[in-house]
Amino acid sequence: EADIYQTPRYLVIGTGKKITLECSQTMGHDKMYWYQQDPGMELHLIHYSYGVNSTEKGDLSSESTVSRIRTEHFPLTLESARPSHTSQYLCASGNAGVQHFGDGTRLSIL
Amino acid sequence: DQQVKQNSPSLSVQEGRISILNCDYTNSMFDYFLWYKKYPAEGPTFLISISSIKDKNEDGRFTVFLNKSAKHLSLHIVPSQPGDSAVYFCAASRISNTGKLIFGQGTTLQVKP
């Protein structure tokens, strides 16, 4: 079973703040992903990485950025949060097809 | 344009009966399909998958069927249990490509005692 951890679980913060959502996995997976999900909707891929120093934008345009300096760590950053960024952010990792998800960060921008 | 669709937003079944969740896709290049289960305030949990070279895969109470000609897959849960109540997402990918998953909108399953 994959172990993948996201912090914080919940974040309520004001407009204009810089935010970093943390994601770490202990399974040594090369591939990691960030998805965004609104209530009742599908998960949309916003960023992915094939390994250290590799990052790509996903299918859904996002103002966030990511970095992959270590295999186990894939943080997502919003330089200046806006109410339109309010959503749930899910991190995943995996090899060979199956992705394993963290419990997500529910982000609310006031 | 949504490539993976779950047309039933919700499904209610009686405990002990069969639950059938459906999923349609449009991209014939997809070669790997997965089902995930999601409880509120948790991340999706992998349930079962199927490769496009198969038409059926079974794991305990869960069976996934794939009909490539109809571009349709379904998840059967037998017998259904109250603990199965959750949102179920189907997802599709091209393993030979990036492995990115394309998700459907989800179906909320309620299993009544």
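Letters A, B, ... are given to chains in the order of the sequence lines, protein chains preceding strands, and every chain is numbered from 1.
Both the backbone and the side chain of A41(B) come within contact range of chain A, with heavy atoms under 4.5 Å apart. Contacts between L90(A) and chain B at a heavy-atom distance below 4.5 Å involve the side chain alone, from C-beta outward. In this structure, chain A has no heavy atom under 4.5 Å from any part of Q6(B). There is no contact between Q6(A) and chain B, counting heavy-atom distances below 4.5 Å. Residue E56(A) does not touch chain B at all, counting heavy-atom pairs closer than 4.5 Å. Both the backbone and the side chain of L101(B) come within contact range of chain A, each with at least one heavy atom under 4.5 Å from a heavy atom of that chain. There is no contact between N95(A) and chain B, counting heavy-atom distances below 4.5 Å.
In terms of hydrophobic clustering, with Ile, Leu, Val, Met, Phe, Trp and Tyr side chains grouped at heavy-atom distances under 4.5 Å, F62(B) and V13(B) are assigned to a common cluster. Hydrophobic clustering (ILVMFWY, side-chain heavy atoms < 4.5 Å, transitive): V87(B) and I20(B) are in distinct clusters. Residues L107(A) and L60(A) share a hydrophobic cluster, clusters being chains of Ile/Leu/Val/Met/Phe/Trp/Tyr side chains in contact below 4.5 Å.
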Inset, instruction - Would you please test F46(B) and Q99(A) for side-chain contact (heavy atoms from CB on, under 4.5 Å) and show each step? - result: CA-CA 8 Å; F46(B) 170 70; Q99(A) 294 179 21; over 6 Å; no
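Here the closest non-hydrogen pair linking L34(B) and V98(A) is CD2-CA, 3.9 Å.
Here I102(B) contributes atom CD1 and L43(A) contributes atom CG; the two are 11.0 Å apart, rounded to the nearest 0.5 Å. Between atom SG of residue C90(B) and atom CD of residue E42(A) there is a gap of 10.5 Å, rounded to the nearest 0.5 Å. Atom NZ in K100(B) sits 9.5 Å away from atom OH in Y33(A) (nearest 0.5 Å). One distance of note links CD of Q105(B) with CD of Q37(A); it measures 11.0 Å at 0.5 Å rounding.
By the neighbour-count criterion of 12 heavy atoms within 6.0 Å, atom NZ of K68(B) is densely surrounded, having more than that number from other residues, nucleotides or ligands. A 6.0 Å sphere centred on CG of L110(A) holds more than 12 heavy atoms belonging to other residues, nucleotides or ligands.
Taking the six-membered ring for Trp and the full ring otherwise, F101(A) and Y36(B) have centroids separated by under 6.0 Å.
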